[in-house]
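To start, the structure itself, in structure tokens.
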There are 2 protein chains.
Amino acid sequence: MISSLSLDQLRVLVAIADAGSFSAAGRNLRRVQSAISQTVATLEATQEVTLFDRSGHRPQLTDTGRILVQQARMVLASAARFEAVAAGSRQGMEAELALAIDPLVPTAPLIGSLRALHETHPQLQISFSTEGLGGALRRLRAGDVSLALCLLLPDAPEDVTATPLIRINLLPVTAADHPLATLGRPATRVDLETHIQLVLSDPANRHGPNYGLTGSAPWRFVDLGRRMDFLLAGFGWCRMPEHLVKEHLDAGRLVRLTLDDDTRGNTDPLTIYAAHLADRVPGPAGRWLLSNLAARVAD
Amino acid sequence: MISSLSLDQLRVLVAIADAGSFSAAGRNLRRVQSAISQTVATLEATQEVTLFDRSGHRPQLTDTGRILVQQARMVLASAARFEAVAAGSRQGMEAELALAIDPLVPTAPLIGSLRALHETHPQLQISFSTEGLGGALRRLRAGDVSLALCLLLPDAPEDVTATPLIRINLLPVTAADHPLATLGRPATRVDLETHIQLVLSDPANRHGPNYGLTGSAPWRFVDLGRRMDFLLAGFGWCRMPEHLVKEHLDAGRLVRLTLDDDTRGNTDPLTIYAAHLADRVPGPAGRWLLSNLAARVAD
DNA sequence: TGCTTTCCATCATATCAGGTGATAGTTTTG
DNA sequence: CAAAACTATCACCTGATATGATGGAAAGCA
């Protein structure tokens with residue numbers, strides 16, 4: 001046998017440390033004292049350590065023994081976590097919750113909900129991925145994640161079930177020193193097409209549809225942060241979620257564009273959906289997260 | 001039995017995950033395949049979980065099973081730490097190393113040595129205490145710590161064995177705007193006695209000897225940092241370790257006092273000793289730390 | 001397709017770790 | 001000094017578990 005150490009030996013050791021004597025530990029564990037004595041003896045023999053100092057009346061933990069009791073508590077704690085995970089999945093709890101979210105999803109409420117989820121279900125492993133636009137849906141379809149927070153444009157697929165979660169306003173904006181900012185009248189399609197549009201695009205699908213594409217000279221970005229850098233630097237215009245540009249608008253670094261009727265078609269609020277595969281319903285933890293998140297964004 | 005989970009079950013579970021099949025795991029563990037099969041069955045029964053999907057040819061880990069394998073690895077890792085501690089103490093290694101240091105001991109080399117000690121003996125628990133002057137020696141005598149880095153003034157006690165470790169220069173200093181700083185001649189005993197001396201004193205022994213006490217109006221401090229604050233604020237003068245005031249001297253915030261022959265008696269370098277009780281010799285880790293520290297301060 | 005190999009579940013049997021109960025010795029308590 | 005509490009040791013026995021054999025199913029191979 002590679003190692004003869006057993007959890008039972010550790011349980012006995014900790015019980016002795018807690019109870020204060022071999023006999024008391026035996027009573028707590030419902031074993032006779034001799035069994036305790038013997039377990040300690042074999043533990044000491046197999047590990048070749050002296051756990052108790054027998055010179056006095058009742059055995060006293062040695063220095064080594066005290067440290068090993070601490071170690072034993074840690075082992076038992078991790079064993080308890082093992083059993084907690086088992087108990088969780090026994091009640092139908094998924095063993096892990098894998099999430100994917102699209103870049104446009106606001107992270108503030110998500111962070112709060114994830115923290116609350118971890119506190120409620122400490123043994124649940126949570127994994128999280130965010131990639132370019134469309135990545136969340138792709139990971140959902142690939143089976144990598146069980147829950148996606150994503151857009152469903154241009155069309156709602158058949159194989160996923162989605163519930164609306166948040167609506168975010170997209171505002172056409174540009175830098176304060178950009179020509180479009182000083183136009184003095186609503187921008188027409190021609191105005192827009194003569195300037196660079198900074199678009200988010202699905203990196204895996206470069207020639208597919210680009211949500212909100214109007215102009216003809218798009219620069220393509222995968223992540224919002226980098227697009228924001230270019231936007232602030234005055235390289236072009238784009239539609240941005242209201243909550244991300246509010247501060248810049250207030251500070252005057254960005255300005256909101258007014259569009260004429262012709263180009264206003266796709267300025268509807270964008271809806272973020274919580275989606276899962278139709279044949280793979282989220283477990284209790286996933287549903288808990290969704291309801292918590294829904295309550296949080298309702299504020 | 002409170003919990004029937006055993007380390008052996010976890011070893012088997014992990015072995016299967018590593019080997020890829022029950023049979024291969026059995027070969028690795030030198031048990032027949034039926035023993036593996038049975039262990040898995042009882043683990044699944046007692047925890048009431050399904051670890052393997054038996055629908056295919058060879059059992060495949062379920063989602064829950066995968067997570068539980070991860071958990072099992074963590075339990076086994078902590079069990080391995082338990083055994084590492086036991087193995088360490090089997091070789092005479094102390095189970096924990098408790099240190100106490102006096103405030104004047106320079107911390108820079110100590111931090112380096114402690115980090116190296118932790119890398120060399122990861123399973124060793126290191127505890128560390130620093131209190132007022134004399135506190136290290138007191139904790140050593142009380143048996144709280146096995147090793148003290150401390151002064152041995154005014155006299156070397158009989159019951160401890162000490163080896164010199166570092167000599168630190170004590171410089172009489174005061175703030176640049178203090179009257180003593182602009183004296184223009186070596187300070188006499190009378191000069192010093194008319195000004196406040198900022199002394200470190202043993203908080204447990206307020207009326208005992210105060211190392212380096214010259215003046216008659218001492219302000220007593222327990223920690224060096226606070227004393228430094230008062231020193232810089234121009235409240236008085238004191239002797240400080242060279243390495244702590246070098247920067248302030250260079251910057252002109254503090255100035256070194258020159259003393260006349262009469263008061264120069266106790267300006268000898270102060271020796272920091274590594275001390276242990278004569279009847280309680282440090283183990284390998286303590287000796288390792290001392291030699292590493294000695295090499296470090298030799299630079 | 002047919003043969004061989006590999007794999008797993010099940011069962012009866014054997015074995016051994018470990019729990020039980022009794023006893024003796026020691027220290028503490030009153 | 002007696003009673004109580006505690007531990008070590010021993011013989012004994014129980015039960016968990018490893019073994020070995022068997023059967024069936026899937027996969028590899030010619």
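Any value given below was found using the heavy atoms of this structure, including those in side chains, with hydrogens, waters and symmetry copies removed. Throughout, a chain's letter reflects where its sequence line sits, starting with A, and its residues are numbered from 1.
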Should B:V85 and B:L124 count as side-chain neighbours, where that means a heavy-atom distance under 4.5 Å? no

State whether A:R31 places a side-chain N or O below 4.0 Å from either non-bridging phosphate oxygen (OP1 or OP2) of C:dT20. no

Residues which pass side chain to side chain contact (heavy atoms under 4.5 Å, CB included) with B:A278, listed by chain and number, not counting sequence neighbours: B:T161

Test your reading of the model: is there a side-chain donor-acceptor pair from A:R139 to the backbone of A:A98, 3.5 Å cut-off? no

Mind checking side-chain hydrogen bond (donor to acceptor under 3.5 Å, both in side chains) for B:D159 and listing every partner two or more places apart, or none if nothing turns up? B:R141

Starting from the first five and the last five pairs of the helix from C:dT1-D:dA30 to C:dG30-D:dC1, work out the angle between the resulting helix axes, to 10 degrees. 40°

Applying side chain to side chain contact (heavy atoms under 4.5 Å, CB included) to B:D63 and B:R66, what does each step give before you reach the verdict? CA-CA 5 Å; B:D63 287 346; B:R66 249 191 310 283; 2.4 Å; yes

Do any pairs count as a ring pair (Phe, Tyr, Trp, His ring centres under 6.0 Å) and have a residue in residues 3-28 of chain A, sequence neighbours left out, and if so which ones? A:F22-A:F52

Has the side chain of A:T130 got a donor or acceptor atom that lies under 3.5 Å from a matching backbone atom of A:I101? yes

Backbone of A:L110 reached by a side-chain donor or acceptor of A:T107 within 3.5 Å: no

Going by heavy atoms in the side chains, are B:L151 and B:D102 under 4.5 Å from each other? yes

First contact, last contact: which nucleotides of DNA chain D are these for chain B, 5' to 3', heavy-atom distance under 4.0 Å? D:dA18 to D:dA27

Without placing hydrogens or testing angles, list every side-chain donor-acceptor pair under 3.5 Å for residues 287-294 of chain B, not counting sequence neighbours.
| unit_1 | atom_1 | unit_2 | atom_2 | d |
| --- | --- | --- | --- | --- |
| B:R287 | NH1 | B:P282 | O | 2.9 |
| B:S291 | OG | B:W288 | O | 3.1 |
| B:N292 | OD1 | B:S113 | OG | 2.7 |
| B:N292 | OD1 | B:R296 | NE | 3.0 |
| B:N292 | OD1 | B:R296 | NH2 | 3.3 |

A:T62: which residues meet the side chain to side chain contact (heavy atoms under 4.5 Å, CB included) condition with it, sequence neighbours left out? A:T50, A:D53, A:T64

For B:S23 and B:Q33, which heavy atoms make the closest approach, and how far apart are they? OG-CG, 3.9 Å

Sorted by first residue and then second, give each salt bridge (Lys or Arg N to Asp or Glu O under 4.0 Å) pair with at least one member in residues 111-127 of chain A; sequence neighbours left out. none

Value in whole Å for how far the P atom of C:dC8 lies from CG of B:L51: 14 Å

5' to 3', nucleotides 23-30 of chain C under a 4.0 Å protein heavy-atom cut-off (B base, S sugar-phosphate only, - none) gives ---BSS--

DNA chain C contacts made by residues 39-47 of chain B, counting heavy atoms under 4.0 Å: none

Rounded to whole Å, CD of B:Q38 lies from P of C:dT13 at a distance of 15 Å

Listed pairs under 3.5 Å, donor-acceptor, residues 69-83 of chain B side chains, sequence neighbours left out:
| unit_1 | atom_1 | unit_2 | atom_2 | d |
| --- | --- | --- | --- | --- |
| B:Q70 | OE1 | A:Q125 | NE2 | 2.9 |
| B:R73 | NH1 | B:D18 | OD1 | 3.2 |
| B:R73 | NH2 | B:D18 | OD1 | 2.9 |
| B:S78 | OG | A:S78 | OG | 3.2 |
| B:S78 | OG | B:V75 | O | 2.8 |
| B:E83 | OE1 | A:S3 | OG | 3.2 |
| B:E83 | OE2 | A:S3 | OG | 2.8 |
| B:E83 | OE2 | A:Q47 | NE2 | 3.2 |

In whole angstrom, what separates A:Q9's CD from C:dA17's P? 12 Å

Evaluate side chain to side chain contact (heavy atoms under 4.5 Å, CB included) for A:L147 paired with A:L140, printing each intermediate quantity in order. CA-CA 7 Å; A:L147 199 60; A:L140 185 68; 5.7 Å; no

Between residues 16-25 of chain B and DNA chain D, which residues have a heavy-atom gap below 4.0 Å? none

